[in-house]
Student: 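This structure is in structure tokens; I'll ask about it shortly.
Everything numeric here is computed off the predicted structure, so don't read it as measured data. Basis for what follows: all heavy atoms, side chains included, without hydrogens, waters or symmetry-related copies.
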Amino acid sequence: MTPDEYIPTEEPARYEDEAPRTQYLDPRESEEELERGFFESVENDLWNLPSLRNNRGFIAYCILLVGVMIGWPYYYKVSLREITSLEKKLEDIRYKALFTSAALIEYERINNITTKVEQYQLQLVPATQPPYLLVDSGQYPTPQPR
């Protein structure tokens, strides 16, 4: 190494009665010390770096967005599950309403028939046995249109 590459620096005195010493440092060594000093200062006081201190709001906003991106699929699945269960309940309620209205219509028709029978004073009595079901046994051929 040539003497041009050395940078003279003064090292502070270690004791009160000692004078400062002049020391020559290699430029590459000073860069390593600067980098080492930078990382040590970052480790010690990360949030007081000017670039981070000026952008704290933006960093908090980015962290919030990341949280929303992570949580949204779980919220969507829960909502979808709830919607599916509510649709199934609605379908069950509609079927129940349909059967109830069908039974109501049946009783209403029977009531209309009995009131007409009473109105015309007919001698009809409601059946106590269910009607017979006629089933084709296949003994006779079915008639075909000509």
Side-chain angles (χ1 to χ4, degrees), residues 1-120 122 124-138 142-145:
M1 291 195 171
T2 62
D4 306 345
E5 295 176 353
Y6 291 110
I7 302 170
T9 59
E10 278 193 14
E11 187 177 284
R14 293 187 184 172
Y15 302 103
E16 294 177 9
D17 59 340
E18 200 177 303
R21 291 182 284 173
T22 304
Q23 182 183 17
Y24 290 98
L25 297 174
D26 186 8
R28 286 174 284 179
E29 289 178 5
S30 65
E31 289 175 7
E32 290 175 4
E33 286 182 11
L34 284 175
E35 287 177 7
R36 190 177 319 124
F38 173 74
F39 287 120
E40 286 177 1
S41 68
V42 167
E43 288 175 2
N44 294 336
D45 202 12
L46 179 67
W47 285 108
N48 283 329
L49 287 175
S51 59
L52 292 178
R53 188 174 45 233
N54 294 336
N55 296 316
R56 283 182 181 165
F58 179 71
I59 292 170
Y61 179 71
C62 289
I63 291 172
L64 175 74
L65 286 181
V66 167
V68 168
M69 286 173 47
I70 291 171
W72 184 254
Y74 298 108
Y75 175 76
Y76 177 75
K77 284 181 184 178
V78 169
S79 299
L80 188 63
R81 207 174 292 138
E82 183 180 354
I83 289 171
T84 306
S85 69
L86 289 175
E87 285 177 347
K88 190 170 189 292
K89 284 181 183 178
L90 179 65
E91 186 177 346
D92 291 344
I93 290 171
R94 284 183 178 164
Y95 281 130
K96 187 175 180 181
L98 180 68
F99 290 135
T100 305
S101 67
L104 180 64
I105 289 172
E106 179 185 355
Y107 291 130
E108 191 175 321
R109 286 184 181 167
I110 291 172
N111 189 22
N112 287 343
I113 291 171
T114 55
T115 55
K116 289 286 185 181
V117 166
E118 289 174 3
Q119 182 181 359
Y120 291 115
L122 298 174
L124 297 176
V125 179
T128 56
Q129 295 179 348
Y132 291 105
L133 181 63
L134 300 176
V135 179
D136 185 17
S137 63
T142 56
Q144 299 290 330

Student: Residues two or more places apart in sequence or in another chain: which of them pass side chain to side chain contact (heavy atoms under 4.5 Å, CB included) with Ile70?
Tutor: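 Val66.
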Student: Not counting sequence neighbours, which residues clear side chain to side chain contact (heavy atoms under 4.5 Å, CB included) with Asp136? List them please.
Tutor: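 Asp136 satisfies side chain to side chain contact (heavy atoms under 4.5 Å, CB included) with Thr142 only.
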Student: CD/Glu108 to CG/Asn111 distance, rounded to the nearest 0.5 angstrom?
Tutor: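 These two atoms lie 8.0 Å from each other.
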Student: Kindly state each residue pair satisfying ring-ring contact (aromatic ring centres under 6.0 Å, His included) with at least one member in residues 69-97, sequence neighbours excluded.
Tutor: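 Every ring-ring contact (aromatic ring centres under 6.0 Å, His included) pair that includes a residue of residues 69-97, provided the two are not neighbours, is Trp72-Tyr75.
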Student: How long is the straight-line distance from CG of Leu122 back to OG1 of Thr114, given to the nearest 0.5 Å?
Tutor: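 One finds 12.0 Å between OG1 of Thr114 and CG of Leu122.
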Student: Got a sec: does the CD of Gln119 have more than 12 other heavy atoms crowding it under 6.0 Å?
Tutor: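 Yes, the 6.0 Å shell around CD holds more than 12 heavy atoms from other groups.
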Student: If you round to the nearest 0.5 Å, how far is CZ of Phe58 from CD1 of Ile63?
Tutor: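 If I round to the nearest 0.5 Å, the distance is 10.5 Å.
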Student: Could you pull out all residues at least two apart from Tyr132 that satisfy side chain to side chain contact (heavy atoms under 4.5 Å, CB included)?
Tutor: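 Per chain and number, Tyr132 pairs via side chain to side chain contact (heavy atoms under 4.5 Å, CB included) with Gln129.
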Student: Indicate every side-chain donor-acceptor pair of residues 96-106 with a distance under 3.5 Å to a residue at least two apart or in another chain.
Tutor:
from   : atom 1 : to    : atom 2 : distance (Å)
Thr100 : OG1    : Lys96 : O      : 2.7
Ser101 : OG     : Ala97 : O      : 3.3
Ser101 : OG     : Leu98 : O      : 2.9

